[in-house]
Amino acid sequence: MSYSNLLNEVYSIGLVDPVWYAMEYPDVIQTGINPIEHYIKYGFYLKRKPSESFDVNKYGKISSLTMLCEMIAKENNASHLIIQKNTTQPKNTTKTKNTAKSNNNTRFRGCFDSLSTTEMRGWAIDESNPGKPVSIDVHVDNNLLMQIKTDKNRGDLTRKGLPGQCAGFLLSFQEGILKNGSVIDLKFSGTTQSLNNTNKTYNSDFLRNIYNSRYIDFLRSKKIRNITVVVPVYNAYEAVSDCLNSLVKTLSDEVQVLMIDD
């Protein structure tokens, strides 16, 4: 498994509790490395616990991080099926609907987990529609930049009794596309409610930062023209399908997609 895929897998199953891991092993903070990445690169091989609840007796003898992820992922799926069965009972469904009617904002829960120089991660759930994608507006310095949707499973939420299916999100971008000091605020689309731990500040040492960040300047000054993404189509069904799925996840509602039969 590639490092990128392994990183996504560790995130999706909630193997590492980054806050606990960093506090338990102070050298992690000194290195400046993201706690989850530190565990993947060093912590696992040093036999460190990724979280306080990690069962060393049960998992301690596993010699491959990939195997550990696969084992926990299977356990999470089993837990999710049990939770899903319980949440489909009429009594619980009625309670959820009544709660949503009383206060629309209380149905949303989420957290902006991390922001690096090239990506942002987190989770969001709509308790009135568990297991369904949730739309999130990405604001940069109070300007709406784009809209994204959750599409990844989060095993850590499932283990806590929350609907972790399709609750996680990962947005990757080129380093330096944002200005140093830019404040990122993630809000549930159509609301004024922000995710927990939002308003994170972007910092990067990328040398071309000034050049690439001009897009945000133009966005702020309302000089961005209407955008149309042109997709030439000539056979290659799977490639076109992947392309359209990616556009749906990353483009805002204001952007048009034009498909041309080449």
Side-chain angles (χ1 to χ4, degrees), residues 1 3-80 82-83 108-125 127 130 134 136 150-172 183-186 194-203:
M1 184 182 296
Y3 176 79
S4 177
N5 290 337
L6 185 58
L7 180 63
N8 287 333
E9 184 69 11
V10 171
Y11 262 102
S12 67
I13 65 175
L15 175 60
V16 182
D17 180 342
V19 176
W20 181 89
Y21 185 79
M23 293 181 64
E24 182 71 10
Y25 307 106
D27 61 293
V28 175
I29 299 177
Q30 295 175 2
T31 63
I33 301 176
N34 179 287
I36 297 178
E37 295 185 31
H38 186 280
Y39 178 78
I40 295 174
K41 293 178 178 178
Y42 310 109
F44 174 78
Y45 303 101
L46 294 172
K47 303 297 182 182
R48 292 182 171 181
K49 292 177 59 175
S51 67
E52 186 175 10
S53 60
F54 184 79
D55 191 339
V56 176
N57 294 328
K58 184 176 182 180
Y59 304 115
K61 295 182 179 180
I62 298 178
S63 59
S64 166
L65 182 55
T66 300
M67 292 176 59
L68 176 61
C69 290
E70 291 175 349
M71 183 175 180
I72 293 180
K74 290 180 180 179
E75 294 175 353
N76 287 343
N77 289 335
S79 299
H80 172 73
I82 295 174
I83 294 171
F108 293 113
R109 300 177 66 177
C111 184
F112 188 176
D113 287 337
S114 65
L115 172 67
S116 70
T117 58
T118 57
E119 65 181 28
M120 58 182 71
R121 294 176 180 263
W123 61 272
I125 58 176
E127 294 188 328
V134 176
I136 300 170
T150 61
D151 63 350
K152 301 184 182 302
N153 294 334
R154 288 289 297 256
D156 55 332
L157 301 181
T158 301
R159 290 197 296 274
K160 294 178 180 178
L162 296 173
Q165 185 180 21
C166 203
F169 64 84
L170 164 63
L171 176 62
S172 300
V183 177
I184 315 299
D185 182 17
L186 304 183
S194 296
L195 277 67
N196 290 337
N197 297 332
T198 193
N199 290 327
K200 294 186 182 297
T201 302
Y202 180 82
N203 290 298

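Residues: numbered from 1 along the sequence shown. We use all heavy atoms of the structure for the numbers below, so side chains are in, but hydrogens, waters and symmetry mates are not.
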Side chain to side chain, Ser172 and Leu170, heavy atoms closer than 4.5 Å
yes
Let me see the working for Asp113 and Arg154 under salt bridge (charged side-chain N to carboxylate O under 4.0 Å, His left out), right down to the final yes or no.
CA-CA 12 Å; Asp113 287 337; Arg154 288 289 297 256; 2.9 Å; yes
Whether the side chain of Thr150 engages the backbone of Val134 through a donor-acceptor N/O pair (distance < 3.5 Å, no angle test) should be reported.
yes
Which pair of non-hydrogen atoms, one from Leu15 and one from Tyr39, has the smallest distance, and what is that distance?
CD2-CE2, 3.8 Å
Quiz item: cation-pi between Lys152 and Tyr11, 6.0 Å / 45°
no
Are the side chain of Asn153 and the backbone of Gln165 linked by a donor-acceptor contact shorter than 3.5 Å?
no
Considering only heavy atoms from C-beta outward, does the side chain of Met120 approach that of Ile184 to under 4.5 Å?
yes
Is any side-chain heavy atom of Leu7 closer than 4.5 Å to a side-chain heavy atom of Arg121?
yes
Measure the shortest side-chain to side-chain distance between Glu52 and Met23 over non-hydrogen atoms and say whether it is less than 4.5 angstrom.
no
Taking all non-hydrogen atoms of both residues into account, name the closest pair between Leu195 and Phe169 and its distance.
CD2-CE2, 3.9 Å
Considering only heavy atoms from C-beta outward, does the side chain of Cys69 approach that of Val10 to under 4.5 Å?
yes
Just wondering, do Pro163 and Ile125 contact through their side chains at under 4.5 Å, heavy atoms?
yes
Looking only at atom types and distance, does a side-chain atom of Tyr25 sit under 3.5 Å from a main-chain N or O of Lys49, one as donor and one as acceptor?
yes
Between Arg109 and Trp123, is any pair of side-chain heavy atoms under 4.5 Å apart?
yes
Have a look at Leu186 and tell me which of Leu115, Ile136, Leu171 forms a side chain to side chain contact (heavy atoms under 4.5 Å, CB included) with it.
Ile136
Do side-chain atoms of Tyr21 reach the backbone of Ile36 as a donor and acceptor pair under 3.5 angstrom?
no
Give me the atom names and distance for the closest heavy-atom approach of Ala22 to Val28.
CA-CB, 4.5 Å
